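Okay, structure first, notes after.
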Amino acid sequence: MGIRKLGYVGLNVTDVDAWTHLLGRTLGIGVTTAKFGTDEVALAELDVFKYRLALYPATQDSPREIGWIVDTPSELDRLTRKLTDAGFTVEDGTAEERELRGAIHLRWFTDPVGYRVELVVGETKARTGVARPDGTPGATGLGHFVLASPKLAELRELYESILEFKLTDYRNPGLFFFRCNSTHHSIALGTAETAGLHHLEFEYASIDDVGRAYDRAKENGTPISISLGRHMNDKAISFYVENPSGFHIEIACGGIEIGDDWVPHDFGVPNVWGHQHTSANPFAQK
């Protein structure tokens with residue numbers, strides 16, 4: 001009970017058109033739009049639910065909200081009490097925010113690095129199937145994100161002790177993977193001088209779908225920031241592209257699921273094969 005999964009991520013972006021081009025032509029993901037206040041927000045269709053990624057037009061690129069799906073209203077109340085007891089100010093979302101998210105209940109707080117974290121109950125199915133641009137296979141869901149910041153200890157306290165995520169594994173000296181369901185991880189926390197998203201992961205159904213996206217990325221001149229490879233810890237096969245906001249999107253399939261008998265450990269070598277970086281890896285061991 002408690003948090004069930006990563007529900008959605010909202011981003012402030014300076015170039016919605018470039019994002020839509022990347023999502024559609026390269027990643028095979030359809031985009032719809034919705035009004036929010038005076039803005040038209042682009043919503044990425046990763047699965048049958050309303051959206052998993054929202055793109056808000058802005059003058060600066062930055063994370064806007066991170067949304068987690070909570071099992072029940074009573075669990076939302078319980079987590080709210082834990083957050084309040086730990087010194088966080090928890091506020092109710094507006095009716096307009098609940099409508100956009102497709103949620104019944106929405107509460108939010110600000111995490112130690114200043115990002116808005118939302119806890120919601122309820123999801124809205126917006127379609128019976130997902131239309132893909134030009135019929136190309138696309139993502140089947142939103143898997144995880146990696147957040148790097150100078151406040152690793154505070155973020156670990158929030159996610160591990162207050163929000164009750166379980167540590168799956170880690171790489172010393174400062175990269176930790178956490179789960180809230182049977183998926184290997186829904187969030188990873190790392191160290192950095194300034195806070196920011198390292199990457200978002202989109203899940204695909206098969207290695208063929210990942211491979212086709214890899215081909216389209218090369219054909220379209222999309223910057224491939226980390227080459228095709230297989231991770232050591234979650235065993236996912238993936239590659240990464242640089243998105244218009246300057247961080248990475250991971251296109252992946254085949255990640256493992258684990259049970260309560262899993263023992264956290266340092267998984268040592270980051271990759272079974274591949275995953276060459278075009279620039280310095282901020283999480284490379286010194």
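All values reported here derive from a predicted model rather than from experimental measurement.
The shortest side-chain heavy-atom distance between F177 and Y170 does not fall under the 4.5 Å cut-off. Using a 4.5 Å cut-off on side-chain heavy atoms (C-beta onward), S62 and L11 make no contact. I251 has its side chain out of reach of S238: every pair of non-hydrogen atoms, C-beta onward, lies at least 4.5 Å apart. Contact annotation: the side chain of I69 never approaches that of I3 to less than 4.5 Å [non-hydrogen atoms, C-beta and beyond]. Looking at L53 and F202, their side chains come closer than 4.5 Å, going by heavy atoms from C-beta outward. Looking only at side-chain heavy atoms (C-beta outward), I249 and L27 come within less than 4.5 Å of each other. A 4.5 Å side-chain heavy-atom check between C253 and S206 finds every atom pair outside the cut-off. You'll find the side chain of V48 stays beyond 4.5 Å of the side chain of T128, heavy atoms only.
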| task | Show your working on ring pair (Phe, Tyr, Trp, His ring centres under 6.0 Å) between F109 and F88 and close with a plain yes or no. | result | CA-CA 7 Å; F109 64 94; F88 291 91; 5.4 Å; yes
| field | Worked verdict on D111 versus K151 for salt bridge (Lys or Arg N to Asp or Glu O under 4.0 Å) | value | CA-CA 10 Å; D111 76 6; K151 295 188 176 182; over 6 Å; no
| request: Given side-chain hydrogen bond (donor to acceptor under 3.5 Å, both in side chains), test N181 with T183 step by step and report yes or no. | output: CA-CA 6 Å; N181 51 44; T183 300; 3.2 Å; yes
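A donor-acceptor contact closer than 3.5 angstrom links the side chains of T168 and R179. Using modelled atom types, one finds no donor on one side chain facing an acceptor on the other under 3.5 Å when comparing S225 with T278. For N233 and H185, the side-chain atoms include no donor-acceptor pair closer than 3.5 Å. Looking only at atom types and distance, the side chain of S245 has a donor-acceptor partner in the side chain of W19 under 3.5 Å away. Looking at E203 and H144, their side chains never bring a donor and an acceptor atom within 3.5 Å of each other. Checked by atom type, the side-chain pair N220/T222 shows no donor-acceptor distance below 3.5 Å.
A salt bridge is defined here as a Lys NZ or Arg NE, NH1 or NH2 lying under 4.0 Å from an Asp or Glu carboxylate O, and R78 with E164 meets this definition. Taking a cutoff of 4.0 Å between a charged side-chain nitrogen and a carboxylate oxygen, K50 and E45 do not qualify as a salt bridge. Remark: R52 engages E123 in a salt bridge, criterion side-chain N to carboxylate O under 4.0 Å. Look at K82 and D85 and you find no salt bridge, because none of the NZ, NE, NH1 or NH2 atoms lies under 4.0 Å from a carboxylate O. Residues D77 and R107 are paired through a salt bridge, judged by an N-O separation under 4.0 Å between the basic side chain and the carboxylate. For R101 and E118, the salt-bridge test passes: some basic side-chain N is under 4.0 Å from an acidic carboxylate O. Of the charged side-chain nitrogens involved, at least one lies within less than 4.0 Å of a carboxylate oxygen, so that R116 and E97 count as a salt-bridged pair.
With ring centers used as reference points, F165 lies under 6.0 Å from W68. Ring centers of H275 and F239: at least 6.0 Å apart, outside the cut-off. H199 and F145 have their aromatic ring centers separated by at least 6.0 angstrom.
Judged by a 6.0 Å distance limit and a 45° cone about the ring axis, K5 is positioned over the six-membered ring of F49. The cationic group of R171 does not satisfy the cation-pi geometry with F283, failing either the under 6.0 Å distance to the six-membered ring centre or the 45° limit from the ring axis.
Scanning both residues, C180 and S186, for their nearest heavy atoms gives SG-OG, 3.7 Å. Nearest heavy-atom pair, H198 versus P282, reported as atom, atom and distance to 0.1 Å: CD2-CG, 3.8 Å.
The environment of CD in E160 is crowded: more than 12 heavy-atom neighbours from other residues, nucleotides or ligands sit within 6.0 Å. Within a 6.0 Å radius of NZ in K35, other residues, nucleotides and ligands contribute more than 12 heavy atoms.
Note: L142 CG to L6 CG = 4.5 Å, rounded to the nearest 0.5 Å. The CD1 atom of I207 lies 5.5 Å from the CG atom of L228; values are rounded to the nearest 0.5 Å.
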